[in-house]
Amino acid sequence: LSLSLTACGGGQQGGDQQKQEGANPPAAGNVRTIRAGIGLNDQHPQFKGLEKFKEIVERDTNGSIVVENYHSGQLGDDRAMMEALQLGTQEMTCPSTAPIANFVPGFSVFDIPFLFPNEEVADQVLLKDPVGQELLDMLPEQGMVGLAYWENGFRDLTNNKHEVKTVADFKDLKIRTMENKLHLAAFRALGANPTPMAFSELFTAMQQGTVNGQENPIATIYLQKYNEVQKYLSLTHHVYSPFVLLLSKKFWDESTPEEQEIMKKAAQEAGDYERKLVREANGEYVDDLKAAGMTVTEITEADRAEMKKVTDAVLPQFVDTIGKDIVDKVTTAVENASK
Ligand code: TK8
(Lines give C-alpha, C1' and ligand atoms only; values in the text may rest on other atoms or scores of the structure.)
Protein backbone atom coordinates (compact mmCIF):
# COMPACT_ATOMS: atom_id res chain seq x y z
CA LEU A 1 0.00 0.00 0.00
CA SER A 2 2.83 2.33 0.82
CA LEU A 3 4.14 1.77 -2.70
CA SER A 4 0.85 2.62 -4.38
CA LEU A 5 0.46 5.75 -2.27
CA THR A 6 3.89 6.89 -3.38
CA ALA A 7 2.85 6.25 -6.95
CA CYS A 8 -0.31 8.38 -6.68
CA GLY A 9 1.26 11.02 -4.52
CA GLY A 10 3.70 12.20 -7.18
CA GLY A 11 7.42 11.66 -7.56
CA GLN A 12 8.61 14.69 -5.63
CA GLN A 13 7.98 12.93 -2.33
CA GLY A 14 9.88 9.85 -3.53
CA GLY A 15 13.06 9.93 -1.48
CA ASP A 16 11.58 11.65 1.54
CA GLN A 17 11.60 9.15 4.41
CA GLN A 18 9.60 11.45 6.65
CA LYS A 19 6.73 11.76 4.18
CA GLN A 20 6.67 8.04 3.43
CA GLU A 21 6.25 7.22 7.08
CA GLY A 22 3.43 9.74 7.24
CA ALA A 23 1.79 7.93 4.35
CA ASN A 24 0.84 4.96 6.51
CA PRO A 25 -2.96 4.75 6.50
CA PRO A 26 -4.59 5.62 9.82
CA ALA A 27 -6.07 2.84 11.94
CA ALA A 28 -9.72 2.48 10.94
CA GLY A 29 -11.01 3.80 14.26
CA ASN A 30 -9.17 7.10 13.88
CA VAL A 31 -10.88 8.23 10.69
CA ARG A 32 -13.00 11.31 11.29
CA THR A 33 -15.55 12.70 8.85
CA ILE A 34 -16.30 16.28 7.87
CA ARG A 35 -19.85 16.63 6.56
CA ALA A 36 -19.91 19.84 4.54
CA GLY A 37 -23.23 21.31 3.44
CA ILE A 38 -24.18 24.26 1.23
CA GLY A 39 -27.42 25.74 -0.10
CA LEU A 40 -26.30 26.07 -3.72
CA ASN A 41 -26.45 23.15 -6.15
CA ASP A 42 -23.62 20.95 -7.36
CA GLN A 43 -23.17 22.98 -10.58
CA HIS A 44 -22.02 26.04 -8.65
CA PRO A 45 -18.27 26.73 -8.30
CA GLN A 46 -18.75 26.65 -4.53
CA PHE A 47 -19.46 22.92 -4.70
CA LYS A 48 -16.42 22.44 -6.96
CA GLY A 49 -14.39 24.28 -4.32
CA LEU A 50 -15.62 21.83 -1.70
CA GLU A 51 -14.61 18.94 -3.94
CA LYS A 52 -11.15 20.48 -4.18
CA PHE A 53 -11.01 20.88 -0.39
CA LYS A 54 -11.96 17.21 -0.03
CA GLU A 55 -9.27 16.11 -2.47
CA ILE A 56 -6.51 18.05 -0.69
CA VAL A 57 -7.53 17.16 2.88
CA GLU A 58 -7.99 13.45 2.19
CA ARG A 59 -4.65 13.34 0.34
CA ASP A 60 -2.63 15.31 2.88
CA THR A 61 -4.07 13.60 5.98
CA ASN A 62 -3.66 10.21 4.28
CA GLY A 63 -7.35 9.66 4.82
CA SER A 64 -7.41 10.31 8.56
CA ILE A 65 -9.97 13.01 7.70
CA VAL A 66 -12.66 12.16 5.16
CA VAL A 67 -14.88 14.86 3.63
CA GLU A 68 -18.49 14.28 2.51
CA ASN A 69 -20.04 17.12 0.54
CA TYR A 70 -23.76 17.91 0.40
CA HIS A 71 -25.42 20.57 -1.78
CA SER A 72 -28.85 22.13 -2.40
CA GLY A 73 -29.65 22.49 1.30
CA GLN A 74 -29.61 18.71 1.85
CA LEU A 75 -28.28 19.35 5.38
CA GLY A 76 -30.49 22.39 6.01
CA ASP A 77 -30.44 26.13 5.34
CA ASP A 78 -27.60 28.49 6.29
CA ARG A 79 -28.89 29.26 9.78
CA ALA A 80 -29.67 25.62 10.62
CA MET A 81 -26.25 24.51 9.41
CA MET A 82 -24.43 27.16 11.45
CA GLU A 83 -26.40 26.11 14.52
CA ALA A 84 -25.43 22.50 13.81
CA LEU A 85 -21.78 23.58 13.67
CA GLN A 86 -22.19 25.22 17.07
CA LEU A 87 -23.66 22.00 18.47
CA GLY A 88 -21.02 19.89 16.76
CA THR A 89 -23.64 17.82 14.90
CA GLN A 90 -22.32 19.02 11.51
CA GLU A 91 -18.72 19.92 10.76
CA MET A 92 -18.62 22.34 7.83
CA THR A 93 -20.62 24.88 5.85
CA CYS A 94 -19.88 27.91 3.67
CA PRO A 95 -22.44 30.69 4.07
CA SER A 96 -22.35 34.26 2.86
CA THR A 97 -21.18 36.71 5.50
CA ALA A 98 -24.69 38.22 5.64
CA PRO A 99 -26.26 35.31 7.56
CA ILE A 100 -23.06 34.92 9.62
CA ALA A 101 -23.74 38.44 10.93
CA ASN A 102 -26.60 36.97 12.98
CA PHE A 103 -23.90 35.19 15.00
CA VAL A 104 -21.00 37.67 14.72
CA PRO A 105 -22.43 41.16 14.01
CA GLY A 106 -19.05 42.50 12.81
CA PHE A 107 -19.50 40.59 9.55
CA SER A 108 -22.34 42.95 8.68
CA VAL A 109 -19.67 45.43 7.63
CA PHE A 110 -19.74 43.62 4.26
CA ASP A 111 -23.48 44.27 3.99
CA ILE A 112 -22.81 47.97 3.49
CA PRO A 113 -24.14 48.56 -0.03
CA PHE A 114 -21.63 49.63 -2.68
CA LEU A 115 -18.70 49.16 -0.26
CA PHE A 116 -16.32 47.45 -2.68
CA PRO A 117 -15.78 49.05 -6.11
CA ASN A 118 -14.38 45.85 -7.64
CA GLU A 119 -13.06 42.37 -6.92
CA GLU A 120 -9.43 43.48 -6.59
CA VAL A 121 -10.34 45.75 -3.69
CA ALA A 122 -12.38 42.96 -2.10
CA ASP A 123 -9.38 40.63 -2.33
CA GLN A 124 -7.10 43.23 -0.80
CA VAL A 125 -9.41 43.86 2.17
CA LEU A 126 -10.44 40.25 2.83
CA LEU A 127 -7.22 38.40 2.06
CA LYS A 128 -4.46 40.91 2.77
CA ASP A 129 -5.65 43.49 5.30
CA PRO A 130 -5.48 42.34 8.96
CA VAL A 131 -9.17 43.23 9.43
CA GLY A 132 -10.16 40.15 7.38
CA GLN A 133 -8.46 37.87 9.91
CA GLU A 134 -9.68 39.99 12.82
CA LEU A 135 -13.26 39.18 11.83
CA LEU A 136 -12.50 35.46 11.41
CA ASP A 137 -11.02 35.52 14.91
CA MET A 138 -14.44 36.44 16.32
CA LEU A 139 -15.95 33.14 15.18
CA PRO A 140 -14.56 30.66 17.75
CA GLU A 141 -16.49 32.45 20.50
CA GLN A 142 -19.58 31.33 18.56
CA GLY A 143 -18.45 27.74 18.27
CA MET A 144 -17.15 28.06 14.71
CA VAL A 145 -13.75 28.45 13.07
CA GLY A 146 -13.38 30.52 9.89
CA LEU A 147 -10.86 28.68 7.72
CA ALA A 148 -10.84 31.04 4.73
CA TYR A 149 -12.78 33.59 2.73
CA TRP A 150 -14.28 32.25 -0.47
CA GLU A 151 -16.39 34.27 -2.90
CA ASN A 152 -20.09 34.48 -3.62
CA GLY A 153 -19.63 37.76 -5.48
CA PHE A 154 -21.32 41.00 -6.47
CA ARG A 155 -25.07 40.72 -6.16
CA ASP A 156 -27.48 41.72 -8.91
CA LEU A 157 -31.23 42.19 -8.80
CA THR A 158 -33.84 40.14 -10.64
CA ASN A 159 -37.60 40.52 -10.64
CA ASN A 160 -40.67 39.54 -12.53
CA LYS A 161 -42.55 42.87 -12.67
CA HIS A 162 -40.63 45.49 -14.62
CA GLU A 163 -37.20 46.70 -15.62
CA VAL A 164 -35.25 48.27 -12.74
CA LYS A 165 -32.97 51.13 -13.79
CA THR A 166 -33.33 53.78 -11.13
CA VAL A 167 -34.22 54.13 -7.45
CA ALA A 168 -37.82 54.85 -8.40
CA ASP A 169 -38.13 51.42 -10.02
CA PHE A 170 -37.64 49.60 -6.69
CA LYS A 171 -41.00 50.85 -5.52
CA ASP A 172 -43.33 48.09 -4.35
CA LEU A 173 -41.13 45.20 -5.50
CA LYS A 174 -41.49 42.26 -3.14
CA ILE A 175 -37.85 41.31 -2.84
CA ARG A 176 -36.52 38.32 -0.94
CA THR A 177 -33.43 39.29 1.04
CA MET A 178 -31.08 37.16 3.05
CA GLU A 179 -31.86 36.99 6.77
CA ASN A 180 -29.95 40.18 7.53
CA LYS A 181 -31.13 43.44 9.10
CA LEU A 182 -28.93 45.77 7.06
CA HIS A 183 -30.11 44.27 3.78
CA LEU A 184 -33.71 44.64 4.90
CA ALA A 185 -33.21 48.28 5.86
CA ALA A 186 -31.38 49.08 2.63
CA PHE A 187 -34.11 47.64 0.40
CA ARG A 188 -36.78 49.32 2.46
CA ALA A 189 -34.97 52.64 2.00
CA LEU A 190 -34.93 52.04 -1.74
CA GLY A 191 -38.72 51.79 -1.64
CA ALA A 192 -39.00 48.03 -2.05
CA ASN A 193 -41.00 45.68 0.14
CA PRO A 194 -38.32 43.22 1.32
CA THR A 195 -38.92 39.85 3.02
CA PRO A 196 -36.13 37.86 4.65
CA MET A 197 -36.20 34.20 3.70
CA ALA A 198 -33.91 31.18 3.70
CA PHE A 199 -32.24 30.54 0.36
CA SER A 200 -33.72 27.04 0.19
CA GLU A 201 -37.25 28.48 0.02
CA LEU A 202 -36.51 31.10 -2.61
CA PHE A 203 -37.20 29.31 -5.89
CA THR A 204 -40.64 28.13 -4.79
CA ALA A 205 -41.42 31.58 -3.37
CA MET A 206 -40.69 33.16 -6.76
CA GLN A 207 -42.62 30.47 -8.58
CA GLN A 208 -45.66 30.95 -6.37
CA GLY A 209 -45.40 34.74 -6.37
CA THR A 210 -44.82 35.07 -2.62
CA VAL A 211 -42.00 37.36 -3.74
CA ASN A 212 -41.46 38.82 -7.20
CA GLY A 213 -37.77 39.60 -6.92
CA GLN A 214 -34.48 38.53 -5.37
CA GLU A 215 -30.80 39.42 -5.55
CA ASN A 216 -27.79 37.13 -5.97
CA PRO A 217 -24.64 36.92 -8.08
CA ILE A 218 -24.95 35.96 -11.77
CA ALA A 219 -23.56 32.45 -11.22
CA THR A 220 -26.38 31.68 -8.78
CA ILE A 221 -29.05 33.26 -10.98
CA TYR A 222 -27.96 31.15 -13.94
CA LEU A 223 -27.05 27.88 -12.26
CA GLN A 224 -30.20 27.83 -10.09
CA LYS A 225 -32.25 28.61 -13.23
CA TYR A 226 -33.91 31.73 -11.83
CA ASN A 227 -34.48 32.83 -15.44
CA GLU A 228 -37.36 30.33 -15.44
CA VAL A 229 -39.24 32.45 -12.89
CA GLN A 230 -37.71 35.93 -13.34
CA LYS A 231 -37.84 38.17 -16.42
CA TYR A 232 -35.69 41.20 -15.53
CA LEU A 233 -32.05 41.30 -14.48
CA SER A 234 -30.43 44.58 -13.37
CA LEU A 235 -26.66 44.64 -13.00
CA THR A 236 -26.78 46.64 -9.78
CA HIS A 237 -23.70 45.04 -8.12
CA HIS A 238 -25.14 46.54 -4.94
CA VAL A 239 -23.35 44.29 -2.43
CA TYR A 240 -20.29 42.07 -2.58
CA SER A 241 -20.92 38.84 -0.65
CA PRO A 242 -17.90 36.98 0.66
CA PHE A 243 -18.36 33.36 1.67
CA VAL A 244 -16.59 32.02 4.76
CA LEU A 245 -15.62 28.35 4.91
CA LEU A 246 -16.68 27.46 8.45
CA LEU A 247 -15.67 24.45 10.52
CA SER A 248 -17.25 23.51 13.85
CA LYS A 249 -14.95 24.48 16.70
CA LYS A 250 -15.55 21.03 18.15
CA PHE A 251 -13.99 19.34 15.11
CA TRP A 252 -11.14 21.86 15.08
CA ASP A 253 -10.35 21.26 18.76
CA GLU A 254 -10.36 17.49 18.22
CA SER A 255 -7.81 17.82 15.39
CA THR A 256 -4.02 17.66 15.75
CA PRO A 257 -1.99 20.80 14.97
CA GLU A 258 -0.85 19.08 11.75
CA GLU A 259 -4.45 18.40 10.71
CA GLN A 260 -5.42 21.98 11.55
CA GLU A 261 -2.61 23.25 9.35
CA ILE A 262 -3.67 20.94 6.49
CA MET A 263 -7.32 22.07 6.74
CA LYS A 264 -6.36 25.74 6.83
CA LYS A 265 -4.07 25.46 3.80
CA ALA A 266 -6.59 23.33 1.90
CA ALA A 267 -9.31 25.92 2.64
CA GLN A 268 -7.13 28.67 1.17
CA GLU A 269 -6.07 26.69 -1.88
CA ALA A 270 -9.62 25.50 -2.60
CA GLY A 271 -10.77 29.09 -2.05
CA ASP A 272 -8.36 30.44 -4.68
CA TYR A 273 -9.69 27.82 -7.08
CA GLU A 274 -13.32 28.61 -6.21
CA ARG A 275 -12.76 32.37 -6.58
CA LYS A 276 -11.33 31.85 -10.06
CA LEU A 277 -14.27 29.67 -11.14
CA VAL A 278 -16.81 32.13 -9.70
CA ARG A 279 -15.26 35.02 -11.64
CA GLU A 280 -15.31 33.06 -14.87
CA ALA A 281 -18.92 32.04 -14.22
CA ASN A 282 -20.10 35.53 -13.33
CA GLY A 283 -18.57 36.85 -16.55
CA GLU A 284 -19.83 34.08 -18.75
CA TYR A 285 -23.48 33.67 -17.86
CA VAL A 286 -24.95 37.13 -18.60
CA ASP A 287 -25.16 36.29 -22.30
CA ASP A 288 -26.70 32.91 -21.51
CA LEU A 289 -29.34 34.62 -19.39
CA LYS A 290 -30.13 36.99 -22.28
CA ALA A 291 -30.36 34.04 -24.63
CA ALA A 292 -32.73 32.42 -22.15
CA GLY A 293 -35.03 35.41 -22.51
CA MET A 294 -34.11 37.72 -19.64
CA THR A 295 -34.02 41.46 -20.15
CA VAL A 296 -30.62 42.57 -18.88
CA THR A 297 -30.29 46.17 -17.71
CA GLU A 298 -27.03 48.01 -17.10
CA ILE A 299 -27.08 50.63 -14.33
CA THR A 300 -25.49 53.99 -15.13
CA GLU A 301 -22.90 55.38 -12.73
CA ALA A 302 -25.26 58.27 -11.93
CA ASP A 303 -28.12 55.91 -11.04
CA ARG A 304 -25.80 53.73 -8.98
CA ALA A 305 -24.61 56.84 -7.09
CA GLU A 306 -28.25 57.73 -6.44
CA MET A 307 -28.91 54.24 -5.03
CA LYS A 308 -25.82 54.52 -2.84
CA LYS A 309 -27.00 57.87 -1.50
CA VAL A 310 -30.31 56.31 -0.44
CA THR A 311 -28.75 53.25 1.20
CA ASP A 312 -25.98 55.27 2.90
CA ALA A 313 -28.70 56.97 4.93
CA VAL A 314 -29.46 53.74 6.83
CA LEU A 315 -25.85 53.05 7.83
CA PRO A 316 -25.58 55.19 11.00
CA GLN A 317 -28.12 52.99 12.79
CA PHE A 318 -25.90 49.93 12.22
CA VAL A 319 -22.47 51.29 13.17
CA ASP A 320 -22.76 50.40 16.87
CA THR A 321 -23.89 46.85 16.17
CA ILE A 322 -21.12 46.22 13.65
CA GLY A 323 -18.58 48.04 15.80
CA LYS A 324 -17.25 51.47 14.85
CA ASP A 325 -13.73 50.12 14.97
CA ILE A 326 -14.48 47.45 12.33
CA VAL A 327 -16.35 49.90 10.11
CA ASP A 328 -13.40 52.31 10.26
CA LYS A 329 -10.81 49.62 9.55
CA VAL A 330 -12.72 48.23 6.60
CA THR A 331 -13.54 51.59 5.05
CA THR A 332 -9.91 52.69 5.44
CA ALA A 333 -8.72 49.43 3.88
CA VAL A 334 -11.12 50.01 0.97
CA GLU A 335 -9.79 53.55 0.49
CA ASN A 336 -6.18 52.38 0.54
CA ALA A 337 -6.86 49.53 -1.85
CA SER A 338 -8.74 51.83 -4.21
CA LYS A 339 -5.84 54.28 -4.62
C1 TK8 B 1 -26.67 29.70 -0.26
C2 TK8 B 1 -26.68 31.16 0.15
C3 TK8 B 1 -26.72 32.05 -1.04
C4 TK8 B 1 -26.89 33.48 -0.62
C5 TK8 B 1 -28.35 33.75 -0.41
O6 TK8 B 1 -26.83 28.89 0.85
O7 TK8 B 1 -28.90 33.28 0.57
O8 TK8 B 1 -28.94 34.44 -1.23
O9 TK8 B 1 -26.38 34.33 -1.59
O10 TK8 B 1 -25.57 31.84 -1.78
O11 TK8 B 1 -25.54 31.45 0.95
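Because the structure is predicted, anything quoted here is derived from the model rather than measured. In each ligand, atom 1 is the first atom listed, and ligand 1 is the first ligand listed.
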Check [Y] with [X], please: is the shortest side-chain N to carboxylate O separation under 4.0 Å?
X	Y	value
Glu269	Lys265	no
Lys324	Asp320	no
Arg59	Glu55	no
Glu261	Lys264	no

Heavy atom of Ser241, distance to ligand 1 below 4.0 Å: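 Ser241: no contact with ligand 1 (<4.0 Å).
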Less than 4.0 Å is my threshold; does some heavy atom of Arg155 fall inside it relative to ligand 1?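 For ligand 1, residue contact (heavy atoms, under 4.0 Å) with Arg155 is present.
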Using a 4.0 Å cut-off to any heavy atom of Ser96, which atoms of ligand 1 qualify?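 Those of ligand 1 that fall under 4.0 Å from Ser96 are 4 (C), 9 (O), 11 (O).
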Sub-3.5 Å N/O-N/O distance, Asp78 and ligand 1: yes
Heteroatom proximity flag, Thr220 to ligand 1, N/O under 3.5 Å: no
Which residue and heavy atom of the protein sit nearest [atom], plus the separation:
atom	answer
atom 10 (O) of ligand 1	Asn152 ND2, 3.3 Å
atom 3 (C) of ligand 1	Phe199 CD1, 3.8 Å
atom 9 (O) of ligand 1	Asn216 OD1, 2.7 Å

What pairs meet the side chain to side chain donor-acceptor pair (under 3.5 Å) rule with one or both residues in residues 143-152, with sequence neighbours excluded?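 Listed once each, the pairs are Ser96-Asn152, Glu151-Tyr240, Glu151-Arg279.
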If a pair satisfies side chain to side chain donor-acceptor pair (under 3.5 Å) and one of its residues is in residues 186-195, list it, with sequence neighbours excluded. none
From the options His44, His71, Arg176, select the one whose nearest heavy atom is closest to atom 7 (O) of ligand 1. Arg176
Given side chains that start at C-beta, do those of Phe243 and Arg275 come closer than 4.5 Å, heavy atoms only? no
